[in-house]
Amino acid sequence: MKEVLALFRLAREEKGRLALSFLCSILVAFFTYAFVNLVQPIMDKLFQLGAAESLPEKARFMDIVFRTLRIEESQLVKFLPLLLLIVIFGKGLFTFLSSYFMKGVGHRVVKRLRDNLFSHLIHQSNSYFDRVPTGDLMSRLTSDVDKIHQAISGSMADFIEEMFILLALLVGVFVIDYRLAIAAFVITPLAVVPLALFSRQLKRKSLIGQKKMSQIFNLLHEAITGNKIIKAFTSEEFEIKKFFKATTSYFQTSMKLAWIGSLSSPFMEFIGGLVGAFILYVGTRRISQGAISPGDFGSFVMAIFMMYTPINRLNRANNVIQQAVASHQRITEVLREPPQILEAPTAYPLPPVRGHVVFEKVSFCYNQTRPTLVDVSFEVGRNETAAFVGLSGAGKTTIINLLSRFYDATSGKIMVDGIDVKEVTLSSLRSQLGLVTQDTILFNDTVRNNIAYGLEIASLERVVEVARAAQAHEFIAALPQGYESLIGERGGQLSSGQRQRLAIARALLKNPPILILDEATSALDTESERLIQIALANVMKNRTTLVIAHRISTIRNADRIFVVDNGRIVESGKHDDLYDRFGIYRKLYDLQFPEREENPS
Ligand code: ATP
């Protein structure tokens, strides 16, 4: 119950619309009440005109209506059909309005929920996405949100409306004749209990039937795929016996199902008939006792019949709401997960930096099992290029991830221009870092917007300028719509070299004082490689660059090289010094660029 309330609380910001929908539901219930009661004067006054005077004395809803509207008995022939039309129209109008308002509530709640989820997710830390499978998050954002939508838009409306209708009908039958009503409700379980038993049996047996059917499928599959083995072992008869046994078992279950299925409908009709006969018996006695009129009895029976729909729909709505409660819990789980990278309460914006980066005894681990970085210390001066080299898995990417604060160091300090990165706001830090990764993420948008990604305004001239510097202008100009061409998701229509040059153009346009570059390991053809080299030289000019290096030229030209091994910086210096030391660097270099072995410098 607590969970259901939590689900309904989602709609609390839509108080106005909820109240309107509530009001309309009450009016629907009122018109349903009126509709049921209309049967009485139709039967008593239209069909038995003249016998009206002999009606048993009792307060009747329609008499109040006639008095209020000042309708004379003689005018009823004319007015009753009109009233019937008005009542049906009123019921329809308010059903429409209540459903419309409630659907509006549902759409608004779901929009807010989706927006909240998205905003929450976009601020989540990288470690969260490492841990939670994308498919799982997608299903929470789509199908779970959909289930809540169904519950609020459809079932909640049904729930409210049908509750009021049921209440109105119950009041109706008790007002018409409470003794008859009590008699009817005493006998009703007679119909409800066997109905519940039948449906339980049907569900159980059909589940067993499904299981047996899948056994048959398994045997078939085995017999077809294992046909050779069956022949080799001459076990055909054995297999046939097994199959016959399975089909016999399925046949028996099917026959039981057929028995229950075929019996249920006439049996229920019979029980319904019994209940009906009983109500008819009591009803006629009540009429002959002068307690009610035939019209009253007509209204009564109509009300009983009309209870079927709300009971049915309430039951269905309950199932949907239960599912939505589970979905709501799954969504709350996502929303409750706090981002792991948090700004300090005293965080201030990082002023424009010159690009001096220092790591001081930085250690880090992704999980508790083993440290990924241990006591990493280094310094990169303004406008210098620092190349990180090491075997795969050594920890190079982790080092640059820490500078962007995608993860936070477990211990030690990372400083930019002498300011600890943990003291400043995340956006001010990241806005001064340019990131060009191996896996260039392009969005499903135009080339121009992809280059200007994240920038509010960027003139076309400036975009073209950076594209030229990134050696991307020529291929962009050759696209059907030039800079306005749409590139498919993840840039599927572009070659990997073109994607990299777009990423470089993007970094150039952002013009950050510090550039983080993860050089692509994938081999490109000579021409592409040449273009990328020029583009990289342009982007690295006049800024501090931390690069995970895979190219000879980058390594050779770097101001400092840091050799990363097993999460530690084991060697550092310039290429020539490092190569002459005959240490890890030399081994790595010779391993990565064997063709240069004879001629290292
Ligand atoms: P490569 O050159 O292959 O990209 P690298 O030197 O950049 O390797 P890192 O990506 O920094 O290496 O990884 C260092 C270690 O941390 C590896 O053992 C890796 O398995 C582990 N690791 C990397 N990312 C995660 C993560 N998100 N969660 C847990 N462990 C990780």
Side-chain angles (χ1 to χ4, degrees), residues 121-137 337-342 357 359 361-378 380 385-412 414 421 426 430 433-441 496 499-500 503 514-524 532 536 545-555 558 560-572 578 583-594:
L121 279 181
I122 214 135
H123 286 116
Q124 266 304 352
S125 321
N126 287 47
S127 56
Y128 179 75
F129 294 105
D130 293 343
R131 192 159 39 88
V132 185
T134 316
D136 181 70
L137 282 178
E337 185 85 31
Q340 295 201 320
I341 307 289
L342 289 172
V357 176
F359 269 54
K361 284 188 170 295
V362 172
S363 298
F364 174 75
C365 49
Y366 285 106
N367 40 44
Q368 305 307 321
T369 47
R370 116 194 139 82
T372 311
L373 295 182
V374 185
D375 280 346
V376 170
S377 299
F378 65 84
V380 187
T385 296
F388 293 84
V389 294
L391 289 175
S392 174
K396 305 175 298 285
T397 314
T398 309
I399 293 178
I400 59 169
N401 277 344
L402 293 187
L403 178 58
S404 314
R405 283 195 74 193
F406 290 148
Y407 301 87
D408 266 341
T410 328
S411 65
I414 300 172
V421 291
L426 286 171
R430 290 177 185 159
L433 302 174
L435 194 62
V436 178
T437 53
Q438 283 197 35
D439 179 21
T440 305
I441 304 289
S496 70
R499 283 205 299 269
Q500 283 173 30
I514 301 170
L515 179 74
I516 295 173
L517 179 65
D518 188 356
E519 276 185 347
T521 40
S522 55
L524 296 171
I532 299 257
L536 281 178
T545 307
L546 274 69
V547 49
I548 298 178
H550 294 292
R551 290 192 172 83
I552 296 184
S553 59
T554 318
I555 297 174
R560 291 155 199 258
I561 299 167
F562 297 108
V563 182
V564 187
D565 186 40
N566 241 329
R568 294 169 198 269
I569 293 193
V570 287
E571 288 174 14
S572 65
L578 286 173
I584 293 187
Y585 177 76
R586 184 168 183 138
K587 276 192 207 137
L588 272 173
Y589 189 88
D590 292 343
L591 198 73
Q592 280 189 17
F593 312 110

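Note: hydrogens, waters and symmetry copies are ignored here, and every other heavy atom, side chains too, is used. Numbering of ligands and ligand atoms starts at 1, following listing order.
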- Query: Taking the inter-plane angle between the rings of Tyr407 and Tyr366 on a 0 to 90° scale, is it parallel (under 30°), tilted (30 to 60°) or perpendicular (over 60°)?
  - Reply: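 Because their plane-to-plane angle is over 60°, the rings of Tyr407 and Tyr366 count as perpendicular.
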- Message: Determine whether Arg568 and Asp565 satisfy the following criterion, salt bridge (charged side-chain N to carboxylate O under 4.0 Å, His left out), listing intermediate values before the conclusion.
- Response: CA-CA 5 Å; Arg568 294 169 198 269; Asp565 186 40; over 6 Å; no
- Task: Step by step, work out the salt bridge (charged side-chain N to carboxylate O under 4.0 Å, His left out) result for Glu571 and Arg586.
- Result: CA-CA 11 Å; Glu571 288 174 14; Arg586 184 168 183 138; over 6 Å; no
- Message: If I take atom NZ from residue Lys396 and atom CD1 from residue Ile548, how far apart are they, to the nearest 0.5 angstrom?
- Response: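 CD1 of Ile548 is found 6.5 Å from NZ of Lys396.
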- Task: Return the protein residues near ligand 1 (heavy atom under 4.0 Å from any of its atoms), ordered by chain and residue number.
- Result: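 For ligand 1, the residues that come within the 4.0 Å heavy-atom cutoff are Asp130, Tyr366, Arg370, Thr372, Leu391, Ser392, Gly393, Ala394, Gly395, Lys396, Thr397, Thr398, Tyr407.
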- Task: Compute whether any side-chain donor of one residue and acceptor of the other, for Tyr585 and Asp590, lie under 3.5 angstrom apart.
- Result: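 There is no such pair between these side chains.
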- Residues in side-chain contact (heavy atoms from CB on, under 4.5 Å) with Ser125, at least two apart?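 With sequence neighbours excluded, Ser125 shows a side-chain contact (heavy atoms from CB on, under 4.5 Å) to Ser127, Pro339, Gln340, Ile341, given in chain and number order.
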